[in-house]
Protein chains: 2
Amino acid sequence: MGKMTKVMHEALPLNSILDGDCIEAMNSLPEGSIDLIFADPPYNLQLRGDLHRPDNSKVDAVDDAWDQFASFRKYDEFTQAWLKAAKRLLKPNGAIWVIGSYHNIFRVGAELQNQGFWMLNDVVWRKSNPMPNFRGKRLTNAHETLIWASKTESSKYTFNYEALKALNEGTQMRSDWVLPICTGHERLKNDAGDKAHPTQKPESLLHRVLVATTNPGDVVLDPFFGTGTTGAVAKKLGRDFIGIEREAAYREVAEKRLKNVRKFDRSSLEVTQSKRAEPRVPFGQLVERGMLTPGEELWSLNGRHKAKIRADGTLIGDDVKGSIHQVGAALEGAPSCNGWTYWTFKRDGKKVPIDLLRQQIRAEMN
Amino acid sequence: MGKMTKVMHEALPLNSILDGDCIEAMNSLPEGSIDLIFADPPYNLQLRGDLHRPDNSKVDAVDDAWDQFASFRKYDEFTQAWLKAAKRLLKPNGAIWVIGSYHNIFRVGAELQNQGFWMLNDVVWRKSNPMPNFRGKRLTNAHETLIWASKTESSKYTFNYEALKALNEGTQMRSDWVLPICTGHERLKNDAGDKAHPTQKPESLLHRVLVATTNPGDVVLDPFFGTGTTGAVAKKLGRDFIGIEREAAYREVAEKRLKNVRKFDRSSLEVTQSKRAEPRVPFGQLVERGMLTPGEELWSLNGRHKAKIRADGTLIGDDVKGSIHQVGAALEGAPSCNGWTYWTFKRDGKKVPIDLLRQQIRAEMN
DNA sequence: TGCGGAAGTGAATCCGATG
DNA sequence: GCATCGGATTCACTTCCGC
């Protein structure tokens, strides 16, 4: 830690929000001065028409001007420019996080590689409460992707292995993180009572990122600051931050938010702990995994009924189709039925409850 | 379905493994003949090491940004070539799956977009038993990424929504799939007792992919066939496959494997159907058949509105005339309305949904 | 104050057959 | 090709309101 470092450090506009275009603002900062960059760039969503929920309410789309690009080419030029500015800012051992969805993350990832960033992990944020796919035309888009990369292959990047292991109840942290989206009181509102920003990220996500890859006193830059989640968590954790945001409305909300944040607030630490309840195992998984095969027959425990397994994990009995529970109930003439305890399969001439297979899967999961 | 389709179909080398380079082999097949492509391309190809310029001059170690670019460029050229060949092969409503890790998936995803494929989802295969990160320098790499894309934006791609919902015990399938890696008896060994292929995919993964996005009788191509997981699952599920594999050792293992695979019986391949597949019943038919009579009144399910049936099967409410859907939408001030579930008629003083009558007619049709 | 039910909502590339 | 229109489609939360 020589004199130069100290001087440069003091020149940085620490713990403030810069106004303006992120590339110009980054270029105004001294080279090699930042420990970590967290970036949540526009995703370049290409939404066509309106979308309604089955109850006819309208989905509030992300249709802001800042998310519009004329073409992939324009988006790539933008990505190239801000990543170049970002790389210049990083210290030799610095690193970057970028978050995105399938609309943009592949382009960002390729450009990171092109510029010589060194990928350390891609991380999946699995949303515990995502918005469903209302029209039933695709899979529920239940995750977003983060890329964690060091400035160069030889960078001695920061990784607090033990801290993350502790966060994960003593076992190594994996590349998939289950966290809820930002809702409720954490979700900032404007004066009209509407959400202040369409894509506010949860503090729990930033908490994990900053605990994992920075140390207290590090300087964290967020070139797409928005309403300042990165700044808020950095302040709580005793890291310095610099935000860049060109929309005045977002800056205002962020300033107000940051004023009320205190260091070492433990609230964001209390991420909804994984429920100790037994994980749900869909019956279909037994079929996919080959523990039972399509065409195989199941017998009811009482021996009075049987049904055949189909490729999608449903059963087909006499004139009845549906889940293990539905078919069991129908055959028994009962209002409901726990298929797991009702059905058995035959192995070596003996009836074995299918619940045994579920227990096997659950054992593997622990 | 004319003669041409039939002839082309018969010309395909169905349920066999082609020897040779995947691009040449693909180009030898007829255009527009494939329903689905599943591809697990290599990602270590020239990505690290073996760094020579095209003229074979040695690469300066200092110049490592350029090195990476050079090797990435080679990989991109390869990706470009095989994706182009793949797109040519797909039917207009065809689709592709590609699986990869952070080493290559960003480049593949960007190229898919560049070539005009239309991304439908990125899917995360969340491994339930990944290899830990032994050195503790990064996060446990616990997932791989799949991209599902249709040939073009306007393709009417296949998606068996209800079947996947059934596989997931009644709630719609998400973009994160928890499945174990391929181990145990499923993991193929060579004569020396070592694993026959370094990255054999689990059949459960292919099961889900094929149930989701193909129908029985579809043609599935796998240009990087390896030990033939795609073929094995396709055969079980009553889909036709074409494999391409240039390594003789893998082809041998795959041939042997496929010989022992049996197709599931036909009825178990049928999968839960969507309501959209049901025949359309015009509301007017209920009136024609006398199930409802002109002049009779319908009440909305919520009890707030009523309307009178006219002889032509339209409704008339307060200042609104039109179909059951149009009148329902107008009265609710909603953008659209499913009249079948919105309206009820009275029998013995009780409200009965008109959809019950439609179900009666549909039952008669079978 | 507590509880039960209704209402609201989230980075979404979200229809398809018929005329 | 484009306009029209039938009609299919949602999960895990949260807050708020009424009793």
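Throughout, a chain's letter reflects where its sequence line sits, starting with A, and its residues are numbered from 1.
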A:T199, nearest nucleotide to its side chain (from C:dA11, D:dT15, C:dC14): C:dA11
Given C:dG10, D:dT9, C:dT9, the nucleotide with the shortest approach to the side chain of B:S274: D:dT9
Heavy atoms of other groups near A:K189 NZ, more than 12 under 6.0 Å: yes
Touch class at under 4.0 angstrom, heavy-atom based, for B:T341 against every strand present: nothing
Touch class at under 4.0 angstrom, heavy-atom based, for A:P130 against every strand present: base
Touch class at under 4.0 angstrom, heavy-atom based, for B:E153 against every strand present: nothing
Phosphate OP1/OP2 of D:dA12: any A:R126 side-chain N/O under 4.0 Å: no
Residue-phosphate contact under 4.0 Å: B:S323 side-chain N/O, D:dG6 OP1/OP2: yes
Partner nucleotide, any strand, of C:dA17 [Watson-Crick/G-U, under 3.5 Å]: D:dT4
Closest to side chain of B:T171, choosing from C:dC14, D:dC11, D:dG6: D:dC11
D:dA8 OP1/OP2 closer than 4.0 Å to side-chain N/O of A:K137: no
Distance, rounded to the nearest Å, where A:F106 contributes CZ and C:dA11 contributes P: 19 Å
Partner nucleotide of C:dA11 by Watson-Crick or wobble geometry (both distances under 3.5 Å): none
Sugar-phosphate only, base, or nothing, as touched by A:C182 at under 4.0 Å among non-hydrogen atoms: nothing
Out of C:dA11, C:dG16, D:dA8, whichever nucleotide has its closest atom nearest the side chain of B:K156: C:dG16
Where B:A163 and A:D312 come nearest, the two heavy atoms and their spacing: O-CB, 3.6 Å
Over 12 foreign heavy atoms within 6.0 Å of NZ, B:K306: no
Spacing of A:D50 atom CG relative to C:dC15 atom P, expressed in whole Å: 11 Å
Which nucleotide in D:dT15, C:dA11, C:dC14 has an atom nearest any side-chain atom of A:L51: C:dC14
Touch class at under 4.0 angstrom, heavy-atom based, for A:G49 against every strand present: base
Donor/acceptor link under 3.5 angstrom from B:S336 side chain onto base of D:dA8: yes
C1' spacing across the pair C:dT1 / D:dC16, given as an integer number of angstrom: 16 Å
Length of the CZ-P vector between A:R53 and C:dA7, whole Å: 15 Å
Cation-pi, B:F117 ring and B:K87 (6.0 angstrom, 45 degrees): yes
Position toward the 5' end of DNA chain D (nearest nucleotide), A:T140 or B:P335: B:P335
Touch class at under 4.0 angstrom, heavy-atom based, for B:Y161 against every strand present: sugar-phosphate
Aromatic centroids of B:Y157 and B:W118 separated by under 6.0 Å: no
Residues, nucleotides or ligands: over 12 heavy atoms within 6.0 Å of A:R53 CZ: yes
Assigned partner base of D:dC19, Watson-Crick or wobble definition, under 3.5 Å: C:dG2
Over 12 non-hydrogen atoms of neighbours within 6.0 angstrom of CG in B:D318: no
Options C:dA12, C:dA11, D:dT9, nucleotide nearest the side-chain atoms of B:K275: D:dT9
Below 4.0 Å: OP1/OP2 of D:dA8 and any side-chain N or O of B:Y342: no
Parallel, tilted or perpendicular: rings of A:H197 and A:Y250 (30°, 60°): tilted
Touch class at under 4.0 angstrom, heavy-atom based, for B:R276 against every strand present: sugar-phosphate
Residue A:V59, side-chain heavy atoms: nucleotide from D:dG6, C:dG10, C:dA12 that is nearest: C:dA12
Proximity to the side chain of A:R187 - top-ranked nucleotide from C:dT9, C:dA11, C:dG16: C:dA11
C:dG10 and D:dT9, which share atom name P, separated by this distance in whole Å: 25 Å
Whole angstrom value for the distance that separates C1' of C:dG8 from CD1 of A:I181: 13 Å
Selection from D:dA8, C:dA11, D:dC11 that lies nearest to any side-chain heavy atom of B:N338: D:dA8
D:dG6 versus C:dA12 - spacing of their P atoms, nearest Å: 30 Å
Nucleotide C:dC14, atom P - distance to NZ of A:K58 in whole Å: 14 Å
Sugar-phosphate, base or nothing in reach of A:E186, heavy atoms under 4.0 Å: nothing
Distance in angstrom units between A:N133 CG and D:dT9 P, rounded: 12 Å
A:K127 vs D:dA12: side-chain N/O to OP1/OP2 distance below 4.0 Å: no
Under-4.0 Å side-chain N/O to phosphate OP1/OP2 contact, B:H325 with D:dG7: yes
Residue A:P132, side-chain heavy atoms: nucleotide from C:dG10, C:dA11, D:dG6 that is nearest: C:dG10
Under-4.0 Å side-chain N/O to phosphate OP1/OP2 contact, A:H185 with D:dT14: no
B:R358 side-chain N/O to D:dG6 phosphate OP1/OP2 under 4.0 Å: no
Parallel, tilted or perpendicular, as decided by the 30° and 60° cut-offs, for the rings of A:W97 and A:W148: parallel
Pair of N/O donor and acceptor under 3.5 Å linking C:dA11 base with A:K201 side chain: yes
Touch class at under 4.0 angstrom, heavy-atom based, for A:P41 against every strand present: base
D:dT9 - base-pair partner by Watson-Crick or wobble geometry, distances under 3.5 Å: none
Touch class at under 4.0 angstrom, heavy-atom based, for A:D194 against every strand present: nothing
Under 4.0 angstrom between A:R135 side-chain N/O and C:dC15 OP1 or OP2: yes
C1' gap between C:dA11 and D:dA8, integer Å: 25 Å
